[in-house]
Amino acid sequence: MKKMMAVGVLVTMLFAASTGIAQDKVVVTEWQIPFLNCLTGPLASHGSMYQWSTNQAAADINKAGGIAGKPVRVIGVDTANDPQKGTVEMARIVKESLVALGPVPEPVIMAAMPIAVENQMLSITGTTSYEYASKFFPWSVAWFPPYPKRFPPLAKAWAQEFSDMKQVIQFVEPYGPWPMMADAHVAGLKEAGANVLKPIEVPSDAVTFGPLVVKALEQKPDGIIFACNAEKIAKMIKELKSRGWKKMDHLLVFSSGDDAPLYTVGGEDINGIQVYNYVNPDTDSPRWNAFKSAFMKDHNGMPPFSLSTNYYDALFMIKEAIEKTGVTGDPSKLKEERKKIADYCANVKKFQGLMFNWDMKDGVPTNKPLYIFEIQGGKKKLVKEIKLAG
Amino acid sequence: MSLPLYYFLAITAVNILMSWALYVPYRMAHLHFLIVANMAISGYTAAYMVLSLHLPFGLALLAGFVLGAVIGFAVALFIGDAPTFAVVIVGFTFIYITRTVIENTEAVGGTMGLFGLPNIGGSPSVHRWTILAILYGLVALVGFLIHRFDHSQLGRAASAAFIDKDLTTSLGIDIKKMGILLQTFSCTLAGGCGVLYGFIYKSFHLDYFTFHVVGILMTVIFVGGYTTLWGTLLAAPVLYGVPLLFPPEVASWRIVIYGALLIIVLVLKPEGFITTRFVYGIESFLSRKRGKRTPLTKPQEDV
């Protein structure tokens, strides 16, 4: 008898292992994922891009059979970059939603995420830094490792490209995490043996950039890193060129600066500069190629910007979490199923992102690469891939 | 109480109180935007007291009011009788200065902001009820004080100063003293609101205190009516609440709707929806119903 029971248990275990965790009957007719996004207001261009990505992800998922056999719909909820609106919308969402995307951007994250935490619902803040997201663990996950892990190796690799680069200066705008990103560059630059000059603060409301550029040039830098708004970067590069700056590849634009205004305002003047970000448009895979061509079709031929893939991947991560943990969408199991999704996402292994696979450990990605590109004619040419230590 | 209702009520109360903080000095034509800087200064200070010094919320809130009063009084010593434009410039300048100081002060989180403000009373539910009780207690108290002020000799003096400062001075009214009093009152109120605002969100970020706040307050008092306190009481919940009920397709046009509404009101009803004359009419009606005599002292005329 005992032998038969043991065989029975073994068969059951083998069956479970072969099919993954058995999916209970899904009770929803459609998975609805709210996305607290800034669709109007000063960051609407970013918000519409993120919304486009999630809609694209939902379309791709639905084309392939949906999530556990049911279609998914992303519901864009506009925060208008306004914490007052963001909190009320999040308070509505946590009543019934299984999981959410956003909020965007940081002021709304800070105001609205405590509501998600209090109600134990995962909300993936896919475009902010670890330094913000980690404050809301385990009910958020970080899309990037902490600054001290990712930026020093990058700044070091960039500085080591050029033997003549002895003195580096940074333009830093005091917005959200950007000064911290600039601080993290400093460690890598020093490791590369560069002398880091006194940074130039770029006021958020600056409209003329000549005096800032002159102030920087007075310190005689050989290389410059820009950690400020894309449009301001483009204008400062124009000012630098008009003052005789020749070594264009000695200019490095940080990831948040790799945005449409850099190209539209910078035009030909940004040819030769380098940028770093997390998206490599030269990746060659059927999935990426399809995403890229759809993006370019809907964005006047422009290739996907930095951060454009984050919420695409986030929706696929939710899909995987639902399917692998047997989430049913049953309102009576809301609390339990919310936790299943949060736990799964925090420690997912070999997640198949749009561009590369990565692992998460306790809510933090461990092995995402960073890329340095050179800009020529509005296109990016890969210079270097920086693999971060796991 | 449902969570959306809590946030709606709490934020509406802050908007009402802050609009009154703008309304009071505007009774003598001072558009005093220093109140937005006061919110930030007192809010961040209180958050620092709670998070870093581990002082109780009550003490931090009190400190917020006091700090607002001190800064308001110190600035009013210089601009208590200044023309409208000068007061506006001083307010904007203070917002810039405050932002820059906070951006560069690591102790209060710099550009990142402050996270993790604790629940008052130890639980989310107690926290919410405490916040609402304080806010609506303040709405009742401040509303009563402003109502008394509007019907007082001082209120009528402020109305006179709104129209002509020189004429008011010739009547023996000390414009500067009145300016100091009203500005200090509004800054005290703004200081307390700043603390409560952050504790609603349980965090502080510089973008909570931008010119966007100025825009909201201006819309509330100019659409509601800038000659009585009642206009604010009507406009704050309507302007904040109605867009939340819009379907997403319409919500995207919220700013356009606000702008159009402001233009329409300024063209068709420049004194706002609720006017002094309207309030006076209601007060007279209620007095007659109670069998009382009509008040002898008329409130200010609409200006």
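Sequence lines set the chain letters: A, B, ... in the order given, protein chains first and strands last, and positions in each chain run from 1.
With a 4.5 Å cut-off on non-hydrogen atoms, A:M90 does not touch chain B at all. Looking at B:Y6, neither its backbone nor its side chain comes within 4.5 Å of chain A, counting heavy atoms on both sides. Within the 4.5 angstrom heavy-atom criterion, only side-chain atoms of B:I216, from C-beta onward, approach chain A. Proximity to chain B (any heavy atom under 4.5 Å) is restricted, for A:V94, to the side chain, taken from C-beta onward. Residue B:N104 touches chain A through its side chain alone, counting heavy-atom pairs closer than 4.5 Å. Proximity to chain B is limited to the side chain of A:E118, based on heavy atoms less than 4.5 angstrom apart. Contact of A:E89 with chain B is made through the side chain alone, with heavy-atom distances under 4.5 Å. When heavy atoms are compared at a cutoff of 4.5 Å, A:P114 approaches chain B solely by way of its side chain, counted from C-beta outward.
One side chain, A:Y147 or A:S129, offers a donor N or O that lies under 3.5 Å from an acceptor on the other.
Interface remark: of the candidates B:F8, B:Y240, B:F204, B:Y240 forms the most heavy-atom pairs closer than 4.5 Å to chain A. Of the listed residues (A:D205, A:N81, A:V117, A:V108), the one with the most heavy-atom contacts under 4.5 Å to chain B is A:D205.
Using cut-offs of 30° and 60° on the angle between ring planes, the pair B:F33 and B:F92 is parallel.
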